[in-house]
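Beneath this line is the structure, given in structure tokens, with notes to follow.
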Amino acid sequence: MTDQGGEAGSATQRHRSRLYDYMDLPRGDQRGTNRPQISEGTALPEHAATSPDVPDMVERARREFAVLLGVFRRTAVLVPVDDESGSPLTGDYGGVRWIYAFSNERTLARFALARGEGDREWSYQGWLGARLLDAAVPAAGVPCGVALDVGDEGEGTLFPPVRGVVPEGVAVDVVAETGDGN
């Protein structure tokens with residue numbers, strides 16, 4: 001069940017999810033129905049199946065990640081927000097701030113349950129992945145990436161603050177190479 005939050009007539013409305021409505025669904029039915037997926041028509045780069053060469057496997061993984069990144073950038077995701085500030089919910093780990101994003105309410109509900117906060121309503125906004133990576137990450141002011149579907153056993157994806165994922169001005173690998181981030 002989703003209710004519209006926010007003030008009547010306000011320019012920005014927040015969706016409110018009653019996450020406990022999703023608690024009793026069987027695990028198989030909870031798999032991300034709206035999770036960014038590589039569609040059947042999307043051609044993944046071919047990989048020489050006979051070559052166990054590590055550089056080839058690394059190159060294939062890079063190409064597959066690039067396809068997933070492209071799909072994420074074009075996909076609307078749910079971003080839980082702090083009720084007081086309206087800022088995206090984040091967590092810091094390994095010197096990086098991670099903006100939490102979810103494919104659908106079910107993955108957000110599992111995250112809430114994992115945090116022991118499944119009994120409260122969570123405010124969230126719909127954002128395009130590109131907006132998160134190109135606008136929210138630089139606005140953080142610290143090394144920042146996006147954590148998609150965290151808390152969803154084996155289904156999460158991290159979009160780290162590196163060149164090709166976030167703008168070069170905030171990519172940590174560019175800062176490491178130049179020493180100043182410029």
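Just so you know, these numbers use all the heavy atoms, side chains as well, and skip hydrogens, waters and symmetry mates.
- Linking ILVMFWY residues whenever their side-chain heavy atoms come closer than 4.5 Å, directly or via other members, places Leu69 and Val166 in the same cluster.
- Under the side-chain contact (heavy atoms from CB on, under 4.5 Å) criterion, Arg74 pairs with Val71, sequence neighbours left out.
- Residue pairs satisfying the salt bridge (charged side-chain N to carboxylate O under 4.0 Å, His left out) criterion with at least one member in residues 89-102, sequence neighbours excluded, are listed as follows: Asp92-Arg97.
- In this structure, Leu78 CG and Arg106 CZ are separated by 12.0 Å, a value rounded to the nearest 0.5 Å.
- A distance-only check finds no donor-acceptor pair linking the side chain of Asp149 to the backbone of Thr107 [under 3.5 Å].
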Check your understanding: What do the steps show when you test Glu117 against Trp122 for side chain to side chain contact (heavy atoms under 4.5 Å, CB included), and what is the final call?
Key -> CA-CA 9 Å; Glu117 300 179 39; Trp122 285 61; 3.7 Å; yes
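- Atom CZ of Arg62 sits about 6.0 Å away from atom CD of Glu59, to the nearest 0.5 Å.
- A search for ring pair (Phe, Tyr, Trp, His ring centres under 6.0 Å) contacts involving Phe65 returns Phe159, not counting sequence neighbours.
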Show me the side-chain donor-acceptor pairs of residues 131-148 shorter than 3.5 Å, one per line, residues at least two apart or across chains.
| unit_1 | atom_1 | unit_2 | atom_2 | d |
| --- | --- | --- | --- | --- |
| Asp134 | OD1 | Arg73 | NH1 | 3.3 |
| Asp134 | OD1 | Arg73 | NH2 | 3.2 |
| Asp134 | OD2 | Arg73 | NH2 | 2.4 |

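- Contact annotation: the side chain of Arg110 never approaches that of Phe102 to less than 4.5 Å [non-hydrogen atoms, C-beta and beyond].
- Taking a 4.5 Å side-chain heavy-atom cut-off between Ile, Leu, Val, Met, Phe, Trp and Tyr, the cluster of Leu158 extends to Tyr93, Val96, Trp98.
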Review point. Step by step, would you call Leu89 with Phe111 a side chain to side chain contact (heavy atoms under 4.5 Å, CB included)?
Key: CA-CA 12 Å; Leu89 184 63; Phe111 174 76; 4.1 Å; yes
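- Not counting sequence neighbours, Ala114 has no partner by the side-chain contact (heavy atoms from CB on, under 4.5 Å) test.
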